[in-house]
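Chain A is the first sequence line, chain B the second, and so forth, proteins listed ahead of strands; every chain is numbered from 1.
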Amino acid sequence: MAAQYGRGEPVARGGATAPIAPARRIGFLAASAAIAFLMAVAAWVTILGNDHFPTRNLFSLEPVFRAADFAGGLIGAESSTTPAFYKAEEWVEKARLAGETLAMSVAAAGLAGLGALALFMFGARNVMMGSLAPYRSPFWTAPFFLVRALFTVTRAVPELVWAMILVFVFTQGTLPGVTALAVHNGGILGKLGSEIVEGLDTRPMRALRSTGAGRMQVLLYGVLPEALPKFITYLFYRWEVIIRTTIVVGFVAAGGLGTEFRLAMSHFKFTEVTLILFWYLVLVLFVDIVSAQLRRLAN
Amino acid sequence: MNDRAHEGSLGGRGALTAILLIAFAVSLVGVGWEDGLLNSGGLRAVGQIVAAAIQPQLTLDVLSIGARSTWTTLAYAWAGMTVALVIGLPLGIIGSGTLVRSPWARRWNISFARFALAVFRAIHELVWAWLFVAALGLSPMAGVLALGLPYGGILGRIYAELLQDVPDAPLRALRGAGASEWRVFWFGRLPMALPDMLSYTFYRLECGIRSAAILSFVGLGGLGHNIHISLQDIDYSRMWTFVYFLIALVLVVDLWSSLVRRRVAIEQG
């Protein structure tokens, strides 16, 4: 199953692992299903228990009326001023912001790609301390654990939280948002890259080793060329996710459509929100198409 | 023949490299560096944040808030996933176009469902959250729906693809035995695709945890909300406590999901 599914991240399939007794396997799956079901029940009890809004009553019509009001606002039904989407200058302004958002997403994907590219080989167990390592030494095992820990922490903290933190570090502007996207996605790309290396056909590398190549040479001339095409493919998948998230990072950091969306929402300029959402969808569609074309070029 | 194909791919890669480098360079110009890189206290902030990382605030108070908001985040993720399943499963089945036999009806089914799913997943869950909060008020339902729609869109698309990808021979055998398209689906297609569908759903659950944590940014409770408040108070060590809760939660669900996926994969052979 080589197919990669969905937004960016492939389904990691279990590799070669020790066999598990069938009865225990089924038992584990059944227990997991039971836990998942109980969790769902508990979750809904918590959610509805905390709901002090009309939505609590699933059959009340008030939420429907409120939603209809909001939808009316979006299409400019109740505004006393001219809706934003009837003004040419608003279209141009939002298009400029869409361009800025696109630039931010490319810069973030590029930074994430560069960072992950520099590190991902050092996070692969087989190269650093497994079957492909000529010998074990703390000079190689220590970087392995460090790099893996780095990937785990950067990946587990969402982009938005990184953005909140990095606002304190970088100058006002698009930089905190771009770096936040790069840090989180760099962690994901790094982990995926390491898993690519762990799944590689080892014969070319063994051949290289037998000609007397050192560990660094095996990495550069054996592992990297084999892993790179797949890595680039993942980078494009991630770009599709990043363009969707760039607007979200703009909620806390400056730059692009996200900041504009926040301002328009807090000033109740709902017709501007409509325009921003339009450009957002255009961007997402554009990146999906371009990424698909570039992926084809990479393979 | 082989050589030419190889050459072609090399040319493609060269062009690709050029495109990537140029795009990246242009985007960096667009980011805007005029005001310098770091905030005036930026370096000091880095020092404080890193120093706080090794001494998170561990008072009983903060820990109990952390535990409670961990459950809130988990509850949002789980409730959101149930909504995602309710949306994704039927639309995915329709979008696979496998329930109908006539080509015309099939194409119509596929394009209708796929379009709906694409719209759901095009918009990020936090943007949905903000729209739902504006429409429904600050109700937990807004968060659950905001998570459920885009995740339903992704699950539906993957389900549709997995249902289309099953091997054809067993299905033909069923049809040859006189089974209706509905029975072919129920006794042939679905059981064959189910392990992969389950696998992907569990994988999405992991992502759902992270998404649920940031949903609380719009004012719904949870870990993200507490991280946000701590940062507004510039209390880095309290922030790290909640960040560690989040990392632990993600790791536990990550582990569980990978254990389940490995066993499902073996079951499939």
Between CZ of F168(A) and OH of Y236(B), what distance do you get to the nearest 0.5 Å?
4.5 Å
Atom group of V273(A) that falls short of 4.5 Å from chain B, counting heavy atoms
side chain
Using only atom types and a distance under 3.5 Å, with no angle test, would you say the side chain of W78(B) pairs donor to acceptor with the backbone of A36(A)?
yes
Interatomic distance, CZ@F24(B) vs CG@L114(A), rounded to 0.5 Å, equals 5.0 Å
Return the minimal non-hydrogen interatomic distance between A122(B) and V284(A), and the atom names on each side.
O-CG2, 3.7 Å
I'd like to know whether F236(A) forms a side-chain contact (heavy atoms from CB on, under 4.5 Å) with L16(B), so could you lay out the CA-CA distance, the side-chain angles of the two residues, the decisive distance to 0.1 Å, and finally the verdict.
CA-CA 12 Å; F236(A) 289 134; L16(B) 184 65; 3.9 Å; yes
Residue pair V153(A) / V243(B), side-chain heavy-atom distance below 4.5 Å:
no
Are the side chains of E125(B) and V248(A) in touch, meaning some heavy atoms are under 4.5 Å apart?
no
Specify the closest pair of heavy atoms between S27(B) and A103(A), including all atoms of both residues, with the distance to one decimal.
CB-O, 3.2 Å
Could you measure the distance from the CG atom of L48(A) to the CE atom of M141(B)? Nearest 0.5 Å is fine.
6.5 Å
Flag the pair V106(A) / L28(B) as yes when at least one side-chain heavy-atom distance between them is below 4.5 Å, and no otherwise.
no
Sequence neighbours excluded and cut-off under 3.5 Å, please list the side-chain donor-acceptor pairs for residues 154-163 of chain A, or say none.
{"unit_1": "T154(A)", "atom_1": "OG1", "unit_2": "L150(A)", "atom_2": "O", "d": "2.8"}
{"unit_1": "T154(A)", "atom_1": "OG1", "unit_2": "F151(A)", "atom_2": "O", "d": "3.1"}
{"unit_1": "W162(A)", "atom_1": "NE1", "unit_2": "T154(A)", "atom_2": "O", "d": "3.2"}
{"unit_1": "W162(A)", "atom_1": "NE1", "unit_2": "V157(A)", "atom_2": "O", "d": "3.2"}

Looking at F132(B), Y76(B), W71(B), F202(B), which makes the most heavy-atom pairs under 4.5 Å with chain A?
W71(B)
Start with the C-alpha distance between I49(B) and V169(A), add both sets of side-chain angles, then the distance that settles side-chain contact (heavy atoms from CB on, under 4.5 Å), and finish with yes or no.
CA-CA 10 Å; I49(B) 292 170; V169(A) 177; 4.2 Å; yes
Please classify the contact of L277(A) with chain B as side chain, backbone, both or neither, using a heavy-atom distance under 4.5 Å.
side chain
So what's closer than 4.5 Å to chain B heavy atoms on L74(A): side chain, backbone, both or neither?
neither
Let's test your reading of the structure: which of G143(B), A134(B), S211(B) forms the most heavy-atom pairs below 4.5 Å with chain A?
A134(B)
Does the side chain of M39(A) come within less than 4.5 Å of M81(B)'s, by heavy atoms?
no
Drop me the distance from L220(B)'s CG to I47(A)'s CD1, to the nearest 0.5 angstrom.
8.5 Å
For A43(A) and A79(B), the nearest pair of non-hydrogen atoms, with its separation, is CB-N, 4.0 Å
Chain B contact via P176(A) - which portion, at a heavy-atom distance below 4.5 Å
neither
Out of F270(A), F28(A), F268(A), which one racks up the most heavy-atom pairs below 4.5 Å with chain B?
F28(A)
Most heavy-atom pairs under 4.5 Å with chain A, out of L131(B), I247(B), L21(B), T17(B), belong to L131(B)
Applying a strict 4.5 Å limit to non-hydrogen atoms, the region of L251(B) in contact with chain A is side chain
Applying side-chain contact (heavy atoms from CB on, under 4.5 Å) to V167(A) and L231(B), what does each step give before you reach the verdict?
CA-CA 10 Å; V167(A) 164; L231(B) 275 170; over 6 Å; no
Return the CG to CG distance between L20(B) and L294(A), rounded to the nearest 0.5 Å.
6.5 Å
Of the listed residues (V127(B), D254(B), I209(B), I227(B)), which shares the most heavy-atom pairs with chain A below a 4.5 Å separation?
V127(B)
Nearest heavy-atom contact between F251(A) and L126(B) is CD1-CD2, 3.7 Å
Quick check on S105(A) against chain B: is it the side chain, the backbone, both or neither that has a heavy atom closer than 4.5 Å?
neither
Which atom of W130(B) lies closest to which atom of R262(A), heavy atoms considered
CH2-CG, 3.3 Å
V83(B) versus W44(A), closest heavy-atom pair with distance
CG2-CZ2, 3.8 Å
Where does V144(B) contact chain A at under 4.5 Å (heavy atoms): side chain, backbone, both or neither?
side chain
